[in-house]
Amino acid sequence: MPEVDVHRIFDRFAHIYDTGWLQRALYAAVQERALAELRALHPQSVLDVGCGTGIFAARLDRELVPGGVAGCDLSGGMLAEAAARSRGVGWVRGDSARLPVRTGSVDAVVCTQAFHFFDQPAAWAEFRRVLIPGGLALVGMINPRTEGGSRLLNRVSTATAKTRVNWPTTPEMRRLATDAGFEVTAQHEVDWRFRRTVPLVLTVGRAPAA
Ligand SMILES: C[S@@+](CC[C@H](N)C(=O)[O-])C[C@H]1O[C@@H](n2cnc3c(N)ncnc32)[C@H](O)[C@@H]1O
């Protein structure tokens, strides 16, 4: 199957991405859950990886860390929408596997509904690199209940999107994070619209203290 670069898909899709029903159905619940976790942390700086059109990063800038939020995405089209949304956030184009961010410079990394597109071991390693010692990474995504479910969803969504997509189970997600040196402190199931069909889980990992 010929593969399409993921940023090209989102470049094409960017102008309709902010449709209200899509946001409510797929993205709002996990952002709400991640925001609640971040509030308890009182971070001074947050990096949103795979920030898309910047809805969540802009909200973090408004409600949690004014002037302390950066949003990173591979798609120039999505970032153009993001830049029009907020001037308070630092928008940067980059790949989750090679984040254009200084080592040990952010208190928290957040990633909602984007991790399935990433090179996942490389992304966890990058989250660890950019976080301060003891910093938190919060990754919200669909984690199928079984390995069979994961294989099926990977096949169907890779064929549909024409780009490689990977949805690990919750234990697999935990293993990916611990392999990169994180302590997984929680895996919260998010109350979202499709919860009976597929769980959406927010995995919270703490980087080593030093
Ligand atoms: C479904 S959107 C989610 C956007 C946003 N996080 C939200 O919750 O609305 C996925 C985003 O991940 C971005 N993306 C995919 N692969 C990426 C990568 N390797 N590095 C950075 N961003 C990536 C896409 O360009 C797209 O904007």
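Side chains included, hydrogens not; waters and symmetry mates left out as well; all remaining heavy atoms used. Counting starts at 1 for both ligands and their atoms, following the listed order. Counting from 1, the numbers follow the sequence of the chain as shown.
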*ligand 1 and Asp95, any nitrogen or oxygen pair closer than 3.5 angstrom?*
yes
*Honestly curious: do Trp167 and Val184 fall in one hydrophobic cluster under the side-chain, below-4.5 Å linking rule?*
no
*Which residues pass the side chain to side chain contact (heavy atoms under 4.5 Å, CB included) test with Ala207, sequence neighbours left out?*
Leu131, Phe182
*In terms of hydrophobic clusters joined by side-chain contacts under 4.5 Å, are Val49 and Val92 together?*
no
*asked:* Taking only non-hydrogen atoms of Tyr27, do any sit less than 4.0 angstrom from ligand 1?
replied: yes
_Which atom of Pro168 lies closest to which atom of Pro144, heavy atoms considered_ = O-CD, 3.3 Å
_Asp73 N/O to ligand 1 N/O under 3.5 Å_ = yes
_Qualifying residues under side chain to side chain contact (heavy atoms under 4.5 Å, CB included), relative to Ala186, sequence neighbours excluded_ = His188, Val204
*In plain terms, say whether Arg33 and Glu37 are close enough for a salt bridge, that is, a side-chain N and a carboxylate O under 4.0 Å apart.*
yes
*CZ/Arg8: more than 12 non-hydrogen atoms of other groups inside 6.0 Å*: no
*Run the numbers for me: atoms of ligand 1, each under 4.0 Å from some heavy atom of Gln31, listed by number.*
7 (C), 8 (O), 9 (O)
_Atom indices of ligand 1, in the order listed, that fall short of 4.0 Å to a heavy atom of Ser75_ = 25 (O)
*Please state which part of His7 comes within less than 4.0 Å of ligand 1, counting heavy atoms only: side chain, backbone, both or neither.*
neither
*Taking atom types as modelled, find out whether Arg129 and Thr103 have a side-chain donor-acceptor pair closer than 3.5 angstrom.*
yes
*For ligand 1, which atoms have a heavy atom of Gln113 less than 4.0 angstrom away?*
1 (C), 2 (S), 3 (C), 10 (C)
*asked:* Contact between ligand 1 and Val6 is defined here as a heavy atom of the residue under 4.0 Å from a ligand atom; is it met?
replied: yes
_I need the atoms of ligand 1 closer than 4.0 Å to a non-hydrogen atom of Gly52, numbered in the order shown._
4 (C), 27 (O)
*Can you find a pair of side-chain heavy atoms, one from Met141 and one from Cys111, that are under 4.5 Å apart?*
no
_From Ala97, Gly50, Gly54 - option closest to atom 5 (C) of ligand 1 by heavy atom_ = Gly50
*Decide whether an N or O pair under 3.5 Å exists between Leu74 and ligand 1.*
yes
*Would you check whether His116 has a nitrogen or oxygen atom less than 3.5 angstrom from a nitrogen or oxygen atom of ligand 1?*
no
_Which of the ligand 1 atoms, numbered from 1, are nearer than 4.0 Å to a heavy atom of Gly94_ = 20 (N), 21 (C)
*For ligand 1, which atoms, with element, lie under 4.0 Å from some heavy atom of Ser96?*
18 (C), 19 (N), 20 (N), 21 (C)
*asked:* Classify the ring geometry of Phe10 against Phe117: parallel below 30°, tilted from 30° to 60°, perpendicular beyond 60°.
replied: perpendicular
*Judged by non-hydrogen atoms, does Met78 sit under 4.0 Å from ligand 1?*
yes
